[in-house]
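So the structure is just underneath, and the comments pick up after that.
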Amino acid sequence: MNKIKKDQPIKRKNISYDFSKPHDYFLSKFGLSEEEIDIYIVKNINVSSLLEDFEIFENLHNVQNWSISTLIQRELDHKRSNMICKDYLLGDSKSKYFPPLVAVLIPTDNNYNPSDKYKSIEQDELNNIKTKFMKGDDEYNDYEDPKGIAGGISIIPFYDEQGKIVWDKRAVSAVIIDGQHRYKALEKAVENEKDFSECQVTVTIVDLTKICTNTQRKPTEIARDLFVTINNTPIEVDETRLILMDDKDALATFTQVLIDDSDLKNDPAIPPELIDWKCDGGKNDISCSLSGVLVLRQIILNALFEDSKISVIEDRTNKKNVKKWIEKIDLWIYPNPEILEQTDNNYKETLIERYNSAIENSQEADDDDDDEDSIFLFSYNVSVSKIIKNKFKKLFLSTFREVFTNLMPYSKCKSLAIRNKVLTKGTPLSLYY
């Protein structure tokens, strides 16, 4: 077996310090006794500063030479970050928000390889911070002198839990361990639209220095633990909840129409009390439910769209699938007249024109040698989604209501529910169901 030849290591330039910008922070803490960790919540950092002072793992100098035991991040999925950029940041949605990114400060040696421990604090470094940032700047009149957390990491306190944090990029690397795809998507967005460089984000910096000292563990070991914990702890939102919350996926909104009880003048197709909200395996519990959320969605998917959907990004990157979906929408819903009327005759908002535009954009990107991750990605705006949803409601709600109200065996089940006051608000059975 041939040994993989690693690139020659890059050595640092012989300069004294390479400081990050001093970033505003609020200090928080987490953990008990010797496991307590300081958390620096860096607020109001613009994207240009994020890209300048923070890095993702794959972009670190000499990262190809890091041993397997020091890896602290999964491999970046460029296609995923590209889709986040195109579909979300550069898309039509007016509400754009990213949760805070999580970073750690990893000590590195002169060859940019990870160090086993942080360097000692040097007074010369603190003096340089004071001279470079504080001398002659009125902003720092009420700040204390810089204090070292570890070699290469310092704070300039304002109050006990507030101040500015700054680090020497020669001694430590600020590595994003949660949010690398958001980071890369922001980087791509700036390349397409310079205004994104001024957008503000929040970064949570986890201070590893104390716990490394207390436990005698390496910074990369602690960082690896954090990464695994952060990425394994969250529980995915269940599929039913996603259907009820997604206002852009047509299939989800059609399902919402059938069970929505917010219209006081009209009953839903099925009363919420008689809906199976779990639908394990896509089958509803027939002992107490007329149908289920996932069952209704599957009925619509099979009957109207012949299993063609655009519920997730993977669906919307398949040209053949999207084209079939649009054909079925036109056949069953035919929303174009309403789209044109409610968007001031803007033909570009029709679904077929959006489809053509997505093809053109992907072809243009394919012609650009610098963009290896270009993909076809179909999308439409939220206002069009509402139009399609309302058209479905006008056309099909009454039919579904007829089935679940007047046809057997549903009518008998509903009659029993009414007789036993399951549908009477406030009764014990209603609350139970």
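The basis for the numbers below is simple: all heavy atoms, side chains too, and nothing from hydrogens, waters or symmetry mates.
- Without hydrogens or angle criteria, Asp207 side chain to Thr209 main chain gives a donor-acceptor distance under 3.5 Å.
- At least one side-chain heavy atom of Tyr40 sits under 4.5 Å from a side-chain heavy atom of Ile155.
- Atom CZ in Phe19 sits 11.5 Å away from atom NZ in Lys169 (nearest 0.5 Å).
- Annotation for Lys394: atom NZ does not count as buried by contact number, only 12 or fewer foreign heavy atoms lying within 6.0 Å.
- Applying the 6.0 Å contact sphere to NZ of Lys421 captures no more than 12 heavy atoms from other residues, nucleotides or ligands.
- Ion pair Lys184/Glu187 flagged as a salt bridge, since at least one NZ, NE, NH1 or NH2 atom sits closer than 4.0 Å to an Asp/Glu carboxylate oxygen.
- Rounded to the nearest 0.5 Å, atoms OG1 (Thr204) and CG (Leu101) are 8.5 Å apart.
- Nearest heavy-atom pair across Ser385 and Asp247 is OG-O, 2.8 Å.
- Of the possible polar contacts, none joining the Asn318 side chain to the Glu314 backbone as a donor-acceptor pair under 3.5 Å is found.
- Crowding of Tyr432 atom OH: a count of heavy atoms from other residues, nucleotides or ligands under 6.0 Å not exceeding 12.
- Between the side chain of Thr427 and the backbone N or O of Leu423 there is no donor-acceptor pair closer than 3.5 Å.
- Residues Arg316 and Phe376 come closest through the heavy atom pair O-CE2, 3.5 Å.
- Pro114 pairs with exactly one of Thr220, Leu71, Val63 by the side-chain contact (heavy atoms from CB on, under 4.5 Å) rule, that one being Thr220.
- Other residues, nucleotides and ligands contribute at most 12 non-hydrogen atoms within 6.0 Å of the CD atom of Glu75.
- Between Glu338 and Lys386, none of the side-chain N atoms (NZ, or NE/NH1/NH2) sits under 4.0 Å from a carboxylate O, so this pair counts as no salt bridge.
- In this structure, Lys188 and Phe196 have side chains that are not in contact, with every pair of non-hydrogen atoms separated by 4.5 Å or more.
- Considering only heavy atoms from C-beta on, Phe227 stays 4.5 Å or farther from Ile72 through its side chain.
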Show your reasoning for whether ring-ring contact (aromatic ring centres under 6.0 Å, His included) applies to Tyr112 and Trp66. CA-CA 9 Å; Tyr112 292 100; Trp66 287 32; 10.0 Å; no

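- Shown here for Ile339 and Ile387, the closest heavy-atom pair between the two residues is CA-CD1, 3.9 Å.
- Distance check, rounded to the nearest 0.5 Å: CZ of Phe54 to OG of Ser20 gives 7.5 Å.
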Between Tyr355 and Lys319, is the side chain to side chain contact (heavy atoms under 4.5 Å, CB included) condition met? List the steps. CA-CA 8 Å; Tyr355 172 79; Lys319 298 177 186 177; 4.1 Å; yes

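- Between Asp168 and Asp18 the shortest side-chain heavy-atom distance falls below 4.5 Å.
- Without hydrogens or angle criteria, Ser154 side chain to Val166 main chain gives no donor-acceptor distance under 3.5 Å.
- In this structure, Pro219 and Asp116 approach most closely via the heavy-atom pair CD-O, 3.1 Å.
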Start with the C-alpha gap between Leu294 and Arg297, add the side-chain angles, then the distance that decides, and say whether side chain to side chain contact (heavy atoms under 4.5 Å, CB included) holds. CA-CA 5 Å; Leu294 299 182; Arg297 186 185 66 166; 4.3 Å; yes

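- Annotation: side chain of Val295 is not in contact with side chain of Lys283 (no heavy-atom distance under 4.5 Å).
- Residue Lys414 places its NZ atom among more than 12 non-hydrogen atoms of other residues, nucleotides or ligands, all under 6.0 Å distant.
- Taking every heavy atom of both residues into account, Leu296 and Ile275 meet most closely at CD1-CD1, 4.0 Å.
- Applying the 6.0 Å contact sphere to CG of Asn302 captures more than 12 heavy atoms from other residues, nucleotides or ligands.
- Here the NZ-NZ distance, from Lys21 to Lys164, works out to 11.5 Å after rounding to the nearest 0.5 Å.
- In summary, the side chains of Gln256 and Asp260 do not present any donor paired with an acceptor at a separation below 3.5 Å, with no hydrogens or angles considered.
- One distance of note links NZ of Lys309 with CG of Leu251; it measures 8.0 Å at 0.5 Å rounding.
- For the pair Asn65 (side chain) and Asn113 (backbone), a donor-acceptor distance under 3.5 Å is absent.
- Side-chain N or O atoms of Gln73 include none that pairs as donor or acceptor with a backbone N or O of Glu58 at under 3.5 Å.
- In this structure, the side chains of Asn82 and Lys86 come closer than 4.5 Å at one or more pairs of heavy atoms.
- Taking the side chain as every heavy atom from C-beta outward, Trp277 and Ile259 approach each other to under 4.5 Å.
- With hydrogens and angles disregarded, a donor-acceptor distance shorter than 3.5 Å links the side chain of Asn321 to the backbone of Asp315.
- Rounded to the nearest 0.5 angstrom, Gln180 CD and Phe57 CZ are separated by 9.5 Å.
- Here the side chain of Asn46 pairs no donor or acceptor atom with the backbone of Gln200 at under 3.5 angstrom.
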Using a 3.5 Å cut-off and no angle test, enumerate the donor-acceptor pairs between side-chain atoms of residues 323-335 and protein atoms at least two apart in sequence or in another chain.
from	atom 1	to	atom 2	distance (Å)
Lys324	NZ	Glu306	O	3.2
Lys328	NZ	Glu306	OE2	3.1
Trp332	NE1	Leu304	O	3.0

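- In this structure a side-chain-to-backbone donor-acceptor pair under 3.5 Å is missing from Tyr118 to Cys212.
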So Lys425 and Glu273, salt bridge (charged side-chain N to carboxylate O under 4.0 Å, His left out) or not? Walk me through it. CA-CA 10 Å; Lys425 301 295 182 184; Glu273 294 88 346; 3.0 Å; yes

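- Within the 4.5 Å cutoff, side-chain heavy atoms of Leu208 are placed close to those of Leu226.
- Between the side chain of Tyr380 and the backbone N or O of Lys248 there is at least one donor-acceptor pair closer than 3.5 Å.
- Between Phe392 and Phe396, the ring planes lie tilted relative to each other; the angle falls in the 30° to 60° range.
- For the residue pair Ser115 / Asp109, no side-chain donor-acceptor distance below 3.5 Å is found, with atom types taken as modelled.
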Worked verdict on Arg401 versus Asp267 for salt bridge (charged side-chain N to carboxylate O under 4.0 Å, His left out): CA-CA 8 Å; Arg401 186 188 292 121; Asp267 292 330; 5.8 Å; no

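- Of all the heavy atoms in Ile243 and Ala252, the pair that sits closest is O-CB, 3.5 Å.
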Phe26 and Tyr159: side chain to side chain contact (heavy atoms under 4.5 Å, CB included), yes or no, with the steps? CA-CA 9 Å; Phe26 285 109; Tyr159 290 123; over 6 Å; no

Stepwise side chain to side chain contact (heavy atoms under 4.5 Å, CB included) test for Thr108 and Leu60: CA-CA 11 Å; Thr108 49; Leu60 292 173; over 6 Å; no

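- Residue-environment remark: CG (Leu395) exceeds the threshold of 12 foreign heavy atoms within 6.0 Å.
- Side-chain contact of Ser411 with Asn406: a donor-acceptor pair under 3.5 Å is absent, judged by distance alone.
- More than 12 heavy-atom neighbours from other residues, nucleotides or ligands sit within 6.0 angstrom of NZ on Lys96.
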